[in-house]
Amino acid sequence: MVRRLLPMLLALGFGLLALGWGLVSLQLIFTQEREDAYTQLRSRRDTLEQYATETLRQTLSRRLDENLPALYRAMEDPLAPADGLYLLFRSYQFLPRLPRPQPGAQTPARQFHEDLRQRLESPGRTGPAQERLESLRAIEAALAQGEEAHAEQRLEALLRHRAEHPLPPLQELPFTLLLAERLQRGPATPALVRGLVRGGLADDFGGIARGAGLQRDLLRECQRFTQADFDFLRERTLQLSMAMGEPTGAFQTRIQELGTGALVLPNGLEEPTLIGERWYVQPNGEAVRGIAVSLEEELKAIAQDMRARELFGAEDGLRLGKTDAVQPLSTLRVEAMMPRWLSAEADIAQRHGLKTMLVASCGALAVAIGVISLLAQRRKYRFLELQSDFVATVSHELRTPLASIRLLAETLERRVGGTAEGRDYPARIIQTTDTLHFLVENILSFNRIDKGRWAPKFSPVRLEELAGTLRTDLLGASPVPVNFTSDVAEMELWADPALLRLLLSNLGRNACAYNRRNPVTITLRAHHSPTYGHTLLFSDNGIGIPESEWENVFHDFYRLKSSGPEVHGSGLGLALCRRIMRLHGGRIHVATSGPDGTTFAMTFPEPRP
């Protein structure tokens with residue numbers, strides 16, 4: 001058979017090889033199409049991300065330029081707000097402001113202020129700033145006498161002297177505080193005195209008298225005072241400002257910001273950089289300028305602008321890629337979040353998956369067709385072999401009984417005639433004829449049932465009568481005696497009598513043929529079960545059937561290999577039995593089998609009413 005299938009196997013192998021090469025090439029094309037689609041999509045996204053990144057860099061630089069006036073104003077004016085501004089010059093951080101009062105409970109400034117007040121009220125005492133105190137007494141005396149013009153002249157002279165002969169900050173601020181406290185007149189306080197508190201002195205004294213006011217000077221020189229002195233000066237300055245009607249909001253806000261703006265920059269900063277995603281700093285010679293930024297808000301504004309330019313959809317957005325604590329702006333990357341592009345990528349992957357599935361299905365289908373073709377061709381050759389074997393077997397089986405009939409008939413005619421020895425010949429002729437008849441009957445019945453041309457004629461069949469008929473049929477089926485017993489009681493089956501007789505006859509003749517014992521023992525038993533219906537058990541004492549062959553013996557033309565003398569037959573007996581049981585809606589199988597014999601079980605449905 002392998003030699004016959006070899007040409008087909010070669011043709012099938014070359015065909016599958018060519019088809020496989022074609023499918024692999026097609027899959028490579030599909031994969032390249034997917035990669036090209038991904039590349040095109042990523043290229044568009046990369047272009048938008050580069051645009052957004054460059055826009056963010058320009059926006060941050062523009063924000064810094066816009067805040068430069070406020071930055072320099074905050075550096076010059078301690079009362080100016082410095083929140084969100086950064087300035088480092090020659091390794092000193094001006095903004096956010098770092099100075100704060102020194103820890104400690106010592107109060108040298110407060111003591112100096114108290115000493116000045118006491119000396120001002122006791123003219124006999126002397127000490128530091130004695131000339132200033134004398135001028136202050138003169139000013140107070142002029143004011144008390146209503147000589148305001150004279151008092152103003154003396155005040156201008158005092159301020160010039162103050163500018164020309166400044167005291168240390170621990171003494172200058174307490175004196176200035178005392179001076180303003182003694183000369184303040186509430187809302188009617190002179191402008192020069194108000195300048196001592198907040199506004200600063202006008203530059204109309206020849207450039208000699210200069211000052212920024214108590215509020216600014218206290219903020220600027222806060223690190224020179226202890227916390228206790230600073231608290232004293234702050235409270236007195238606030239009381240004085242409120243008494244004169246001067247604003248104090250900026251002063252109090254700046255006091256709360258003291259020492260809270262430390263920002264450490266890395267060494268070797270050479271380009272605009274993001275610090276912790278909050279500060280944008282830009283080196284400029286010996287200075288580093290910066291502002292606090294909200295990258296989330298900036299990205300929202302850029303995304304809104306891109307939507308206005310129809311570069312983004314309504315659901316698209318921007319976000320920062322992975323950032324470090326110190327991120328140079330040249331390495332910053334903005335990522336685009338575009339759900340529609342994610343959906344497009346998913347569609348590309350889905351289409352590629354469908355194409356891959358189609359290629360795989362074609363390959364599987366081609367393999368299946370090849371296997372089916374191979375099986376069909378093998379089945380064809382197997383059928384031809386079975387057909388040839390069947391014809392040979394039937395021809396041999398038919399030739400043998402016919403030759404026996406002819407030989408016996410000729411012998412009976414020529415030699416024996418009417419002698420007593422010839423009386424046995426007619427019986428042997430009848431037995432051989434019966435064997436031939438049964439063989440032909442089996443073949444014809446198998447063919448009719450297989451082609452669907454047998455219409456069963458059901459009727460009640462008494463098993464006891466059927467057992468008697470079987471006993472008669474088996475009388476000449478074996479050269480040795482047949483011991484047949486039945487235990488079927490009064491059971492009846494709803495069946496076709498002819499088919500049922502043919503079924504049991506085949507089982508009986510097989511039991512006689514595949515048997516090495518004397519006598520042949522056959523038993524037919526029957527019992528009824530509400531679950532399984534009627535069951536017939538047909539047992540013999542033959543050579544048995546191997547368990548691996550229990551199902552094969554019911555195949556068409558299948559014959560067991562016998563180790564003893566050859567058993568003649570067509571291989572249709574048990575296959576015919578299974579077809580007969582199917583016509584009755586039942587089943588037949590090997591219940592047990594071994595060296596002591598075989599038992600077949602036949603199950604019939606409940607009889608019809």
Side-chain angles (χ1 to χ4, degrees), residues 74-83 87-89 91-122 125-133 136 159 162-163 165-184 193 195-201 210-244 246-264:
M75 182 185 68
E76 295 173 357
D77 186 358
L79 286 179
D83 186 31
L87 178 61
L88 181 74
F89 184 74
S91 302
Y92 180 79
Q93 180 177 313
F94 286 88
L95 300 174
R97 300 182 178 100
L98 291 176
R100 61 187 308 168
Q102 303 174 12
Q106 298 81 8
T107 57
R110 182 173 184 175
Q111 294 173 6
F112 184 72
H113 179 273
E114 182 65 21
D115 179 65
L116 290 177
R117 187 184 65 78
Q118 292 178 2
R119 287 164 51 204
L120 182 64
E121 295 175 357
S122 303
R125 297 177 57 184
T126 61
Q130 186 66 31
E131 184 177 353
R132 294 187 182 190
L133 290 178
L136 181 56
L159 294 177
R162 172 176 170 269
H165 304 87
L167 296 173
L170 290 177
Q171 297 180 356
E172 188 68 66
L173 285 178
F175 174 79
T176 304
L177 176 63
L178 178 66
L179 176 62
E181 288 176 337
R182 303 292 293 197
L183 299 181
Q184 69 91 9
V193 178
L196 289 173
V197 176
R198 186 178 189 278
L201 298 176
R210 296 179 183 275
L214 278 172
Q215 293 184 6
R216 290 182 173 85
D217 289 342
L218 182 58
L219 291 172
R220 184 179 291 113
E221 304 293 341
C222 66
Q223 72 273 16
R224 299 180 183 274
F225 298 95
T226 64
Q227 187 66 49
D229 264 348
F230 180 81
D231 292 340
F232 167 74
L233 295 174
R234 180 195 63 192
E235 292 298 329
R236 299 299 289 264
T237 302
L238 284 174
Q239 293 175 5
L240 181 61
S241 299
M242 289 186 291
M244 296 168 55
E246 291 293 326
T248 62
F251 177 59
Q252 297 186 67
T253 301
R254 301 292 88 78
I255 289 175
Q256 294 175 358
E257 296 174 356
L258 289 177
T260 60
L263 181 64
V264 180

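Here the closest heavy-atom approach between residue Leu179 and residue Leu196 is recorded as CD2-CD1, 3.4 Å. Taking both residues in full, the closest heavy atoms of Leu167 and Ala129 are given as CD1-CB, 4.1 Å, listed atom of the first, atom of the second, then distance. The shortest non-hydrogen separation linking Pro169 to Phe225 is O-CZ, 3.6 Å. Nearest heavy atom pair, residue Arg97 against residue Ala80, reads NH2-O, 2.8 Å. What you find for Gln93 and Pro96 is that their closest heavy atoms are NE2-O, 2.9 Å.
By the 4.5 Å heavy-atom criterion applied to side chains, Thr176 and Asp217 are not counted as neighbours.
Judged as a side-chain contact (heavy atoms from CB on, under 4.5 Å), and not counting sequence neighbours, the contacts of Glu131 are His161. Residues meeting the salt bridge (Lys or Arg N to Asp or Glu O under 4.0 Å) test with Glu172, sequence neighbours left out: Arg132, Arg162. Legend: residues meeting side-chain contact (heavy atoms from CB on, under 4.5 Å) with Pro81, ordered by chain and number and at least two apart, are Arg254. Every residue two or more places apart in sequence or in another chain was checked for a salt bridge (Lys or Arg N to Asp or Glu O under 4.0 Å) with Arg110, and none qualifies. With sequence neighbours left out, Glu114 forms a salt bridge (Lys or Arg N to Asp or Glu O under 4.0 Å) with Arg117. By the side chain to side chain donor-acceptor pair (under 3.5 Å) test, Gln252 is found to be paired with Thr248, residues two or more places apart in sequence or in another chain being considered. Scored by the side chain to side chain donor-acceptor pair (under 3.5 Å) test, Asp83 finds no partners at all (sequence neighbours excluded). Residues forming a side chain to side chain donor-acceptor pair (under 3.5 Å) with Asp115 (at least two apart in sequence, or on another chain): Arg119, Arg125. Applying the side chain to side chain donor-acceptor pair (under 3.5 Å) rule to Thr226 yields no partners; only residues at least two apart in sequence or on another chain are considered. For Glu235, there are no salt bridge (Lys or Arg N to Asp or Glu O under 4.0 Å) partners, not counting sequence neighbours. Applying the ring-ring contact (aromatic ring centres under 6.0 Å, His included) criterion to Phe175, with sequence neighbours excluded, gives no partner residue. By the side-chain contact (heavy atoms from CB on, under 4.5 Å) test, Glu181 is found to be paired with His113, Leu177, Leu178, Arg236, Leu240, residues two or more places apart in sequence or in another chain being considered.
In this structure, a donor-acceptor pair under 3.5 Å is present between the side chains of Ser241 and Gln215.
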I'd like to know whether Phe230 forms a ring pair (Phe, Tyr, Trp, His ring centres under 6.0 Å) with Phe232, so could you lay out the CA-CA distance, the side-chain angles of the two residues, the decisive distance to 0.1 Å, and finally the verdict. CA-CA 5 Å; Phe230 180 81; Phe232 167 74; over 10 Å; no
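Separation of atoms CD (Gln239) and CD (Gln184) is listed at 11.0 Å; rounding is to 0.5 Å.
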